[in-house]
Amino acid sequence: MRAYPSHRAVVGFAFSGYVALTVLIAVLPAASVQHTRGIQGAPARSALAEEGRAIYLREGCGYCHTQFVRDLPLDRPYGRATVAADYANEAPPLPGTERTGPDLSNVAARQPSDTWHLLHLYNPRAVVPQSVMPGFPWYFEQKAAAAPGDVVVPVPPRFVAQGHVIVARQEARALVAYLLSLRQPEVPK
Amino acid sequence: MLQRRSQDPTLRASSASDSPTVRVTFEYLVCATVWLLVGTAAGLLAALKLNWPDAFTVRWLSFGRVRPIHTNTVFWGWSSMALVGLALYVVARTSRAPLWSPTLSRLALVLWNAAVVAGLLTLSAGVTRGPQEYREWIWPVALLFAAGLVLNGVTAYMTAATRRIPEFYISNWYILGAFCFLATILATAYIPLYQRGLGNVVVQGYFMHTGVGMWFTMLALGIAYYEIPRVLGRPIYSYALGVLGFWTNILFYTLIGAHHFIFSPVPWWLQTAAILFSVGMMVPVWAGGGNLLLTFRDTSGVLQRSYSAPFLLAGIVAYVLVSTQGTLEAFRSTNIYWHFTNVTVGHAHLAMYGFIAFVIWGATYGLVPRLTGSEPDPVLVGIHFWLALVGYGIYVVSISIAGILQGFAWVAGESFIRSVEAAEPMWLWRTAGGVLMVTSHAVFAVNVWAMRPGRALVDASAAPAVEVSP
């Protein structure tokens, strides 16, 4: 006759052991790094760029675009290696796990043109024919004529009905403001 | 052979199972099947969008919204409901006791369905916690799910606690453990106190890793430890290996989440520990997987006759493969070539589909006809098996090649768009595989309906309380 361990012993030990391991490997390390300060002198994001970041989250851009540069030769094109301070004021930080599109940590330095970004957001294939990124036409408006103060996007003719112009809505301008805020500040030595 | 079994005149709803438990299990499986259809339709749409990015340009069907809908629906809708539906039966059966409270489990199912529906609506509306994989649901939605989890955990625990035999069978270790682990994991993921800045990244690594390993894997193994010996008609190869696998799984699996953020600012010791324990994972994987595979030895006869055993065997083979691949992916050297590429997507599907979904299907086909007295058409089960197996084979191979090509393009320092061009033909293959997979799910849905509780069960439930022999 073999002795069977009781359900209390097995479940109790597994549960408490698991909680202990979780505290050890997730909660304590997280707590120990969460107060890393941001980089001194890095410019704060504008209110418009903050609005753009919310749209960036809403549209799931982070599923295909990382903001996580590794200290590896193949990551050189994206900027310097990401440091803890880069994530300090990000809620949530967006390191990402996949690069179906390129890393955006420093995209403003690589591509500083707001017109390019507006075109690219309206339909990526207007600027990169091989791109598989979704367009976001709902953040633009097709009009017969631009009103004063409108941001007109110079969309190639095949992407717009004849005799019309494409105008960026507030959301598109906010998203571009966010993308243009993605410029890695220098890390003080 | 298959035909002969389907005409087996002796098949009846097993008198050993009480009908409320059977009904709860079946209700979970029906809901899970609906979410399988919805979730994989979303997955197929996401795949199509990489082939034809201008198709379905609708705000709430944009790639960035469809992707989390796909992952969350198949995780929390399909896999969780199906596994728990089966697990509740396994706990009751191996305890020789009726389910402690079918009412609580039904309530939990309502809560879970509410969570999945709310998750669908919020995610498609763009209401999300951002791309923090598998914890995108805003907290009220997650709370609905957590409440259901607690109800089911209590029900499962109390069922085992009121068991009528002395043995606390190994399946119950895994299943009751899974409820404790996911409760811990969800709480850790949603409590914000330690998640500012980089703290969030540390928790994200832990969450996305253990969410899969300590919930889906544990439930699937628990079910496998019951169903594989039952289908094969022989005891498990080694009970001791099952126990070893259980404890080492808890120890090693929990500690390796940081391997998703190698070369990141996450503390270096944490990354190194994660890599070390990823190698340690070979112990539970080969102890557990080898144990289950050895149980299959010399059973080719059963494999030919049974339509559930091939699913179970394919599932356990995928478990061993995917876990071994996981260890290889964790090294810093391989990370350079594979991280951020589609290899990750192939890995995820090998795990959640090749392993988890196949174990669910094997257990469903093995158990449910016995419980309800209604069998599906064996030819349709065969069609389901081959469509799913060939479909996901094409999927995993093509998407992994896509990932390897991406990695090579990056390491060669080519312009980024070259990696997109290199992957594109493989993405087309991936979609083709996906079409087969989704088709197989429609066949599965037909089969589930064919297995619905029949007259035999109605009669049984009309009878007085079921006699359960110890």
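Letters go in sequence order (proteins before strands), and every chain restarts at 1.
- Ion pairing between A:Asp86 and A:Arg80 holds under the 4.0 Å rule for side-chain N and carboxylate O.
- Neither the backbone nor the side chain of B:Phe179 comes within less than 4.5 Å of any heavy atom of chain A.
- Applying the 6.0 Å contact sphere to CZ of A:Arg173 captures more than 12 heavy atoms from other residues, nucleotides or ligands.
- Taking a 6.0 Å sphere around CZ of B:Phe408, one finds it holds 12 or fewer heavy atoms contributed by other residues, nucleotides or ligands.
- If you tally non-hydrogen atom pairs under 4.5 Å between each of A:Gly62, A:Pro124, A:Cys61 and chain B, the highest count goes to A:Gly62.
- With a 4.5 angstrom heavy-atom cutoff, B:Ser264 touches chain A via backbone and side-chain atoms both.
- For B:Ile250, the parts lying near chain A are the backbone and the side chain together; criterion is any non-hydrogen pair under 4.5 Å.
- Inspection of the A:Arg70 and B:His339 side chains reveals no N or O donor paired with an N or O acceptor under 3.5 Å.
- For A:Tyr139, the part lying under 4.5 angstrom from a heavy atom of chain B is the side chain only.
- For chain A, no part of B:Val127 is nearby; none of its heavy atoms comes within less than 4.5 Å.
- Side chain to side chain, B:Asn342 and A:Glu98 meet the donor-acceptor criterion of an N or O pair below 3.5 Å.
- Separation of the A:Phe136 and A:Trp138 ring centroids falls under the 6.0 Å cut-off.
- For the pair B:Arg418 and B:Glu421, the salt-bridge criterion is met [side-chain N within less than 4.0 Å of a carboxylate O].
- The candidate from A:Val10, A:Leu57, A:Leu74 with the greatest count of non-hydrogen atom pairs under 4.5 Å with chain B is A:Val10.
- Here A:Arg125 is the residue among A:Arg125, A:Met133, A:Arg76 with the most heavy-atom pairs under 4.5 Å with chain B.
- With a threshold of 4.5 angstrom between heavy atoms, B:Gln195 approaches chain A through N, CA, C or O but not through any side-chain atom.
- Heavy atoms of A:Arg8 lying under 4.5 Å from chain B belong to its backbone as well as its side chain.
- Within the 3.5 Å criterion, the main-chain N or O of B:Trp269 finds no donor-acceptor partner in the side chain of B:Thr272.
- A donor-acceptor contact closer than 3.5 angstrom links the side chains of A:Thr66 and A:Arg99.
- Only the backbone of A:Glu90 comes within contact range of chain B, with heavy atoms under 4.5 Å apart.
- Of the two parts of A:Pro73, neither the backbone nor the side chain holds a non-hydrogen atom closer than 4.5 Å to a non-hydrogen atom of chain B.
- With a threshold of 4.5 angstrom between heavy atoms, B:Gln204 does not approach chain A through any atom at all.
- Within the 4.5 angstrom heavy-atom criterion, only backbone atoms of B:Arg129 (N, CA, C, O) approach chain A.
- Checked by atom type and distance alone, the side chain of B:Tyr206 never pairs as donor or acceptor with a backbone atom of B:Thr188 at under 3.5 Å.
- Residue with the most contacts toward chain A among B:Ile262, B:Leu176, B:Ile417: B:Ile417 (heavy-atom pairs, distance under 4.5 Å).
- In this structure, chain B has a heavy atom under 4.5 Å from the backbone of A:Ala88, while its side chain stays farther away.
- Under the 6.0 Å cut-off for aromatic ring centres, B:Phe340 and A:Phe68 qualify, their centroids lying closer than that.
- Using a 4.5 Å cut-off between heavy atoms, A:Ser32 makes no contact with chain B at all.
- If you measure heavy-atom distances from A:Val128 to chain B, the contacts under 4.5 Å come from the side chain alone.
- Contacts between B:Val411 and chain A at a heavy-atom distance below 4.5 Å involve backbone atoms as well as side-chain atoms.
- When each of B:Arg59, B:Arg65, B:Gln132, B:Glu136 is scored by its heavy-atom pairs under 4.5 Å with chain A, the top score falls to B:Arg59.
- Among B:Leu255, B:Thr210, B:Thr184, B:Val203, the one residue that satisfies the side-chain contact (heavy atoms from CB on, under 4.5 Å) test with A:Thr22 is B:Thr184.
- Of the listed residues A:Gly96, A:Pro102, A:Ala31, A:Ala85, the one with more heavy-atom pairs under 4.5 angstrom with chain B than any other is A:Pro102.
- Only the side chain of B:Arg67 comes within contact range of chain A, with heavy atoms under 4.5 Å apart.
- For the set B:Phe261, B:Tyr157, B:Phe63, the entry with the most heavy-atom pairs within less than 4.5 Å of chain A is B:Tyr157.
- Contact count against chain B (heavy-atom pairs under 4.5 Å) is highest for A:Ile25 among A:Ile25, A:Leu72, A:Thr36.
- Taking chain A as the reference chain and counting heavy-atom pairs below 4.5 Å, the highest number among B:Met214, B:His260, B:Gln406 is found for B:Met214.
- A donor atom on one side chain and an acceptor atom on the other are not found under 3.5 Å apart for A:Gln130 and B:Glu424.
- For CH2 of B:Trp60, the number of neighbouring non-hydrogen atoms (other residues, nucleotides, ligands) closer than 6.0 Å is 12 at most.
- Only the side chain of A:Asn123 has a heavy atom closer than 4.5 Å to any heavy atom of chain B.
- Within a 6.0 Å radius of CG in A:Asn89, no more than 12 heavy atoms belonging to other residues, nucleotides or ligands are found.
- In this structure, the portion of B:Trp247 lying under 4.5 Å from any heavy atom of chain A is its side chain and not its backbone.
- For a residue to count as touching a neighbouring chain, one of its non-hydrogen atoms must lie under 4.5 Å from one of that chain's; by this rule B:Phe263 touches chain A with backbone and side chain alike.
- Judged by distance alone, with hydrogens and angles left aside, the side-chain atoms of B:Asn249 form no donor-acceptor pair with the main-chain N or O of B:Phe246 at under 3.5 Å.
- Geometrically, A:Arg110 does not engage A:Trp116 in a cation-pi contact, judged by NZ or CZ lying under 6.0 Å from the ring centre and within 45° of the ring axis.
- Taking chain B as the reference chain and counting heavy-atom pairs below 4.5 Å, the highest number among A:Tyr18, A:Tyr87, A:Tyr56 is found for A:Tyr18.
- With a 4.5 Å cut-off on non-hydrogen atoms, B:Ile191 does not touch chain A at all.
- Between chain A and the residues B:Ser62, B:Gly177, B:Gly130, B:Ala183, the most heavy-atom pairs under 4.5 angstrom are made by B:Ser62.
- Using a 30° and 60° split on the angle between ring planes, B:Phe416 and B:Trp410 fall in the parallel class, below 30°.
- Using a 4.5 Å cut-off between heavy atoms, B:Thr128 touches chain A through its side chain atoms alone.
- Enclosure of atom CZ in A:Phe15 by more than 12 non-hydrogen atoms of other residues, nucleotides or ligands within 6.0 angstrom is indicated.
- When heavy atoms are compared at a cutoff of 4.5 Å, A:Val33 approaches chain B by way of both its backbone and its side chain.
- Counted by atom type alone, A:Thr97 and B:Glu133 present one or more donor-acceptor pairs between their side chains at under 3.5 Å.
- Ranked by heavy-atom pairs shorter than 4.5 Å toward chain A, the options B:Val201, B:Thr344, B:Leu123 are led by B:Val201.
- Contacts of B:Leu270 with chain A are made by side-chain atoms alone, with heavy-atom separations under 4.5 Å and no backbone atom involved.
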